Amino acid sequence: MPRLDQLLSSLGYGSRREVADFVKSGRVRRAGEVLKKADTKVEPEDITLDGETLEAPHGLLAMLHKPLGHVCTHSDGEGPTIYELLPPRWMARKPAVTSIGRLDKDTSGLILITDLGPLVHQFTSPKAEVEKIYEVTVDRELDPALVATFASGSVMLRGEDRPCLPAQLEITAPLTARLTLMEGRYHQVRRMFASQGWHVEKLHRSRFGPYTLDDLAPSQWRMLELPV
Ligand code: URA
């Protein structure tokens with residue numbers, strides 16, 4: 001069992017010192033009873049702070065509807081980051097939250113956020129074959145022959161020596177399509193279309209594995225259950 005101060009600090013509620021102070025002031029309870037000693041060993045589920053249970057005590061998983069113009073890096077300098085859209089406490093967790101894979105600055109849509117390293121691996125490992133769905137708008141009329149080309153498993157991206165895995169393309173209108181990928185190479189959607197002579201004008205990810213955005217508005221996030 002973790003110590004109360006270590007637990008609260010690792011969940012982003014403050015430094016060990018700040019936590020010790022607010023524990024002393026009587027804001028933390030176990031089963032309704034005030035706990036005043038910061039070194040008490042506790043079960044995370046039994047603890048409340050200001051009457052609220054602790055946030056994601058066994059690891060955090062959330063989805064964010066990334067808006068256009070935000071970058072998925074932690075460092076600034078390249079424009080606003082997705083982390084500015086999330087509660088600051090999530091960055092104070094140890095480890096801090098990170099995105100599972102990335103979306104380009106000019107791509108919108110679903111991105112998962114977690115502080116669980118194994119989950120990042122589970123969702124991004126090529127072996128995991130997690131399905132990602134992208135809504136694509138291009139600059140000129142789509143050719144139905146692209147469907148077979150993308151499904152063939154022979155599309156080569158510039159600078160790479162392995163072809164892309166077969167991908168499913170559904171043409172939804174002359175300039176729009178839905179592309180389903182099982183891998184996640186750098187700028188993959190844009191580069192796949194570029195390899196065939198199309199420029200991607202708009203890109204939005206609507207699905208990542210079992211998760212869909214549903215009615216989550218741009219810049220909003222929603223907590224998810226941890227997968228079993
Ligand atoms: N493919 C891209 O080209 N960009 C993304 O952000 C995601 C997939």
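In each ligand, atom 1 is the first atom listed, and ligand 1 is the first ligand listed. Remember, it's a predicted structure, so these values are computed and weren't measured experimentally. Hydrogens, waters and symmetry mates play no part in the numbers below; they use all other heavy atoms, side chains included.
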>> Before you tell me yes or no, could you show the steps for K66 and T107 under side chain to side chain donor-acceptor pair (under 3.5 Å), namely the whole-Å CA-CA distance, both residues' side-chain angles and the distance that decides it to 0.1 Å?
In response: CA-CA 8 Å; K66 178 195 170 301; T107 300; over 6 Å; no
>> Counting only nitrogen or oxygen atoms and a 3.5 angstrom limit, does L103 reach ligand 1?
In response: no
> Is there any N or O on H187 that sits under 3.5 Å from an N or O of ligand 1?
Replying inline: yes
>> Test of understanding: given a 4.0 Å heavy-atom threshold, classify the contact between V200 and ligand 1 as side chain, backbone, both, or neither.
In response: neither
> For ligand 1, which atoms sit closer than 4.0 Å to a heavy atom of L203?
Replying inline: 1 (N), 2 (C), 3 (O), 4 (N), 5 (C)
>> Could you check whether any heavy atom of Y134 sits closer than 4.0 Å to an atom of ligand 1, since that is the contact criterion I want to use?
In response: yes
>> Return the closest protein heavy atom for atom 1 (N) of ligand 1 as residue, atom name and distance.
In response: V189 N, 3.0 Å
> Does a salt bridge link R27 with D50, judged by any charged N lying under 4.0 Å from a carboxylate O?
Replying inline: yes
>> Donor-acceptor pair, distance only, cut-off 3.5 Å: does the side chain of T40 make one with the backbone of K36?
In response: no
> For the ring pair H74 and Y83, is the centre-to-centre distance below 6.0 Å?
Replying inline: yes
>> Out of all atoms in ligand 1, which are within 4.0 Å of some heavy atom of D104? Include the element for each.
In response: 2 (C), 3 (O), 4 (N), 5 (C), 6 (O)
> What about T107: any of its N or O atoms under 3.5 Å from an N or O on ligand 1?
Replying inline: yes
>> Between ligand 1 and R191, is the shortest N or O to N or O distance under 3.5 Å?
In response: no
>> Angle between ring planes, F150 versus F193, binned at 30° and 60°: parallel, tilted or perpendicular?
In response: perpendicular
>> Under a 3.5 Å threshold, yes or no: a donor from one side chain and an acceptor from the other, between E135 and S206?
In response: yes
> Does a salt bridge link R3 with D39, judged by any charged N lying under 4.0 Å from a carboxylate O?
Replying inline: no
